[in-house]
Amino acid sequence: MDFSNKLIYWYLDNKRDLPWRNEVNVYHIWLSEVILQQTKIVQGIDYYLVFCKNFPTIFDLAKAGEDEVLKLWQGLGYYSRARNLHSTAKYIVENFNGEIPDNYNDLLKLKGIGDYTASAIASICFNEPKAVVDGNVYRVLSRYYNVSTPINSPKGIKQFKQIAQSKITKYDPGTYNQAIMELGALICKPKKADCNICPIQKDCKAYINNNVYSFPVKEKKIKIKKRFFNFLVIDIDGDQTILEQRRQNDIWKNLYQFPLVESENEIDELEIVKTIIFSNLIKDDNYKISLYNTKPIIHKLTHQQINTKFWIIKIKGNLDRTIKWKEISNFAVPILIHNFIENFKK
DNA sequence: AAAGCGTGGGA
DNA sequence: TTCCCAAGCTT
């Protein structure tokens, strides 16, 4: 039996029982694929169920507001996925009468759907033989075929797509795609690979050469940018506060936060009250400011390290654009803000 | 085409 | 602690 069929047989015996594997519904498959981009199944599975429950059809998703979609996405990260998912749902309802395109080429044109997702949907839902190449596939193929081209180089991306495409079965390509990914997730793992029970161990070059962990090859290290965030947590009589929406093309776009003073370095109270942002917010001297967390909270992202201070500013009287503290959970906020709010309540 | 975009878990 | 990784996409 060849590579592909071994994978398929292994998969049929060993696949996990996951909610989106129970039936083929294009909308559900699309939803699951977007949620799982750069995301582990354990992390995404509850979000998938919540989205299915709140938006049973693409029409329900299209009808929703972006704030509502982002709120349900809160905590999952990479929020452009949610914005694109929602935008594409509206687009499909408006232009295609709610019918999701049934082929790779048309799927690829949609916002938030790239080569991987278009291939996954086309193969699983429409039996189109387009090979998926995700992190699992890179790992399995690079080990099995001893390919050391960096997987994050243009050359590597092209090469692995070509290898994967040459292996896909015309019969049930969706099952083949899921099989190779499942093998990568369950057996051919980054660390602690279970080569002893691997169905394709016998012909795996890396196993034979005893250098499984030399693959896949990745080049370039990312450098981490340090940023300093000072959130101004206005507290009006313990009843109201202020949130603003992040509009810039930056992390957490369209999510909400407390008014923010970003600085080049760590700053103190004296510098905070001198800022324009502070004085635009607080018009008189009738306030009391204090630092909530004595040590900056370090929030780590893939490319950034955010040193965060929460400044509590107690005032009396009125301010514009306030919200009630008890309504704050209606807003989609970064997990950093969410954690603060949960802690601050106590 | 390189860089930016989250969060959490495991080694 | 630090680093790596996770069903990638966009600009």
Side-chain angles (χ1 to χ4, degrees), chain A residues 11 15-16 18-21 28-48 70 73-85 87-88 107-121 123-124 130-140 150-158 160-161 164 174 176-186 188-193 213 216-225 227 246 248-255 298-306 332-339:
Chain A
Y11 174 75
K15 65 177 177 179
R16 290 167 289 183
L18 302 172
W20 48 86
R21 285 182 176 162
H28 285 168
I29 297 298
W30 172 40
L31 202 48
S32 71
E33 292 300 344
V34 173
I35 286 173
L36 293 176
Q37 288 167 6
Q38 296 288 282
T39 303
K40 289 186 174 140
I41 285 174
V42 287
Q43 195 190 352
I45 196 161
D46 288 344
Y47 287 83
Y48 172 79
L70 283 173
W73 201 273
Q74 176 180 303
L76 195 55
Y78 284 153
Y79 297 94
S80 67
R81 293 183 292 171
R83 299 194 309 267
N84 287 334
L85 182 76
S87 156
T88 293
L107 287 162
L108 195 55
K109 295 173 186 162
L110 301 171
K111 263 199 276 183
I113 296 186
D115 178 75
Y116 165 80
T117 305
S119 300
I121 297 173
S123 64
I124 294 171
K130 289 283 184 181
V132 296
V133 184
D134 73 333
N136 294 303
V137 176
Y138 281 123
R139 195 165 53 253
V140 172
I151 61 170
N152 55 349
S153 66
K155 187 180 168 195
I157 292 168
K158 199 175 163 188
F160 280 98
K161 176 76 181 182
Y176 163 79
N177 274 337
Q178 294 183 84
I180 188 169
M181 290 192 285
E182 193 81 334
L183 186 88
L186 300 183
C188 195
K189 296 175 283 190
K191 300 162 187 173
K192 296 182 63 171
Y213 300 112
V217 174
K218 198 182 277 190
E219 69 184 7
K220 302 163 204 163
K221 270 199 189 172
I222 57 172
K223 61 163 182 250
I224 295 179
K225 184 167 76 174
R227 299 174 74 176
R246 295 180 62 86
Q248 324 85 309
N249 280 322
D250 192 2
I251 52 169
W252 306 324
K253 183 177 178 183
N254 289 9
L255 273 67
I298 312 290
H299 187 74
K300 292 178 176 173
L301 294 81
T302 308
H303 297 258
Q304 301 183 30
Q305 175 182 307
I306 302 187
V333 297
I335 206 69
L336 171 65
I337 304 284
H338 174 78
N339 290 342

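No hydrogens, no waters, no symmetry mates; every other heavy atom, side chains included, goes into these values. Numbers restart at 1 for each chain; the letters A, B, ... are given by sequence-line order, proteins then strands. All values reported here derive from a predicted model rather than from experimental measurement.
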The side chain of [X] lies closest to which of these nucleotides: [options]?
X: A:Thr117; options: C:dC5, B:dT7, C:dG8; answer: C:dG8
X: A:Asp134; options: B:dG8, C:dA7, B:dT7; answer: C:dA7
X: A:Gln38; options: B:dC5, C:dT2, B:dG6; answer: B:dG6
X: A:Lys191; options: B:dA2, B:dG10, B:dT7; answer: B:dG10
X: A:Gln37; options: C:dC9, C:dC5, B:dA2; answer: C:dC9
X: A:Ile335; options: B:dA2, B:dG8, C:dT2; answer: B:dG8
X: A:Tyr116; options: C:dC5, C:dC9, B:dA2; answer: C:dC9
X: A:Ile251; options: B:dG6, C:dA7, B:dA2; answer: B:dG6
X: A:Asn136; options: C:dC5, B:dT7, C:dA6; answer: C:dA6
X: A:Lys192; options: C:dC5, B:dA11, B:dC5; answer: B:dA11

So if I apply the side chain to side chain contact (heavy atoms under 4.5 Å, CB included) rule between A:Gln43 and each of A:Asp46, A:Thr39, A:Ile45, A:Ile41, which one comes out positive?
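The side chain to side chain contact (heavy atoms under 4.5 Å, CB included) with A:Gln43 is passed solely by A:Thr39 among A:Asp46, A:Thr39, A:Ile45, A:Ile41.
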
Closer than 3.5 angstrom, by distance alone: can the side chain of A:Arg139 be matched with the main-chain N or O of A:Cys188 as a donor-acceptor pair?
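Confirmed, A:Arg139 side chain pairs with A:Cys188 backbone.
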
When you measure only distances, ignoring hydrogens and angles, does the side chain of A:Tyr78 come within 3.5 Å of the base of B:dG6 through a donor and an acceptor?
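Result: at least one qualifying N/O pair found.
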
Side-chain donor or acceptor of A:Thr302 under 3.5 Å from a matching atom on the base of B:dG6?
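By the distance-only test, yes, there is a pair.
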
Which is more 5' along DNA chain B, the nucleotide nearest A:Asn152 or the one nearest A:Thr39? Just name the residue.
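Nearest-nucleotide comparison on DNA chain B picks A:Asn152.
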
Give A:Leu110 one of three labels, base, sugar-phosphate or nothing, depending on what nucleic acid heavy atoms sit under 4.0 Å from its own.
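If one applies the 4.0 Å heavy-atom cut-off, A:Leu110 turns out to touch the sugar-phosphate alone, with no base involved.
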
Whole-Å distance separating the NZ atom of A:Lys189 from the P atom of B:dG9
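Taking atom P of B:dG9 as the reference, NZ of A:Lys189 is at 17 Å.
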
